[in-house]
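Quick one: the structure is below, and I'll ask about it shortly.
Being a predicted model, the structure only gives us computed values, none of them experimental. The figures that follow rest on heavy atoms only: side chains count, while hydrogens, waters and symmetry mates do not.
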Amino acid sequence: MNDGVDEHQSRATALAPGAEALLVHPVPAPRPQVRPPAAAAPATADTGGPARPSGRRPARSRVRHGQPSCADYGCTRPVCLAAARKARRERHLERAAGRRGRVDAGPVARHAAALRERGMSAQDIARASGVAVTLIRRLLKPPPLHPSQVSQVTAGAVLGVPLPPKEHPAPLAGRGQVDAAPAAGLLVELAERGWPARRLGRGLCVNPRTVASIRDGKYTRISISVDQRIRALHAALLPLDPVAAGVRPGDAARVRTWAERRRKAPPAPSPGLCAA
């Protein structure tokens with residue numbers, strides 16, 4: 001078999017006398033690279049199939065090992081897979097019995113909102129019902145934003161939390177936050193009557209500057225405890241005359257003038273602060 005060396009030697013002998021020939025051995029053609037087949041995903045002892053990909057768990061997830069959702073996130077621990085299989089069996093049994101697994105979330109969201117109005121935060125409702133606090137916060141959002149359906153277990157757990165009495169707020173009230181706009185409107189209404197922020201601060205046990213900031217719309221959210229105190233103070237002071245209650249006439253006239261100017265001025269953009 002001719003490998004090309006004789007051809008190069010014949011060319012070298014054909015050169016003129018005194019010339020030097022450079023013999024270069026032919027370079028073999030590159031061999032095609034064959035990639036090895038991709039390794040199959042390791043099989044688990046519980047399923048016998050490939051392990052599900054992980055990494056989908058949210059950064060602030062509160063799901064723990066042993067819960068069905070942990071297996072949905074890709075966990076292959078036997079306890080998590082067993083919990084997921086049990087949850088699937090229960091869903092199949094409920095469906096076979098003609099019972100729906102999910103129900104309308106409207107009554108549940110309204111009950112959660114009523115619990116918040118009575119002084120319970122999302123964390124308080126979650127602790128009393130056993131439902132994740134993230135789902136409670138979603139139910140407390142306005143109707144277009146909260147879930148349209150929830151499971152029967154979640155609905156029964158939230159609806160089973162009793163409403164605290166209006167006269168005696170829940171002992172855990174104050175840990176959550178609510179929208180500051182309703183409280184700001186109540187403070188503005190008191191300002192129109194002539195109640196200055198200094199007098200309101202004494203009644204609320206907060207700094208007068210905090211009262212003025214909430215009233216001016218500089219806070220988007222306030223604590224439930226502050227919101228409840230503002231509502232109670234508004235109900236107590238609205239029927240009273242500020243001057244007869246001890247407010248100096250000049251202070252009452254000044255805050256009335258401010259409220260009148262604020263009504264005529266365009267609303268300023270809120271910086272998005274939160275008051276404790």
Donor on one side chain, acceptor on other, T210 and N207, under 3.5 Å: no

Minimum side-chain heavy-atom gap C80-Q67 below 4.5 Å: no

Transitive ILVMFWY side-chain link V188 to V247, under 4.5 Å: no

Pairs touching residues 252-261 that satisfy salt bridge (Lys or Arg N to Asp or Glu O under 4.0 Å), sequence neighbours left out: D251-R254, E260-R263, E260-K264

pair R231-P182: side-chain heavy atoms closer than 4.5 Å: yes

Transitive ILVMFWY side-chain link W258 to L238, under 4.5 Å: no

Minimum-distance pair of heavy atoms, taken over all atoms of L200 and L187: CD1-CD2, 4.0 Å

R229 and V226, any side-chain heavy atoms less than 4.5 Å apart: yes

Side-chain heavy-atom pair S121, R116 within 4.5 angstrom cut-off: no

Atom of A126, atom of V131 and distance for their closest heavy-atom approach: CB-O, 3.1 Å

Where L135 and P147 come nearest, the two heavy atoms and their spacing: CD1-CG, 4.4 Å

Side chain proximity check, V255 to R215, heavy atoms < 4.5 angstrom: yes

Minimal non-hydrogen separation, L115 against P162, with atom names: CD2-O, 3.5 Å

Closest heavy-atom pair and its distance - A183, D227: CB-OD1, 3.7 Å

Test side chain to side chain contact (heavy atoms under 4.5 Å, CB included) applied to D124 and R127, step by step: CA-CA 5 Å; D124 300 334; R127 187 180 295 107; 3.5 Å; yes

Polar side-chain atom of H111 near backbone of V161 as donor-acceptor pair, under 3.5 Å: yes

Interatomic spacing from CG in L81 to OG1 in T76 - rounded to 0.5 Å: 6.5 Å

Verify same cluster id: V243, L237 (apolar side-chain graph, 4.5 Å): no

Euclidean distance, I222 CD1 relative to S213 OG, rounded to 0.5 Å: 12.0 Å

Intermediate values then yes/no, side chain to side chain contact (heavy atoms under 4.5 Å, CB included), L186 and L190: CA-CA 6 Å; L186 298 179; L190 291 176; 5.8 Å; no

With sequence neighbours excluded, residues passing side-chain hydrogen bond (donor to acceptor under 3.5 Å, both in side chains) with R209: none

Nearest atoms (heavy-atom pairs only) where I125 meets A112: CD1-O, 3.7 Å

Distance in Å, L204 CG paired with R199 CZ, rounded so as to fall on 0.5 Å steps: 9.5 Å

Side-chain (R138) to main-chain (H146) donor-acceptor, under 3.5 angstrom: no

Polar side chain donor-acceptor pair, S151 to T154, under 3.5 angstrom: yes

Pairwise side-chain contact, D104 with Q149, heavy-atom cut-off 4.5 Å (strictly under): no

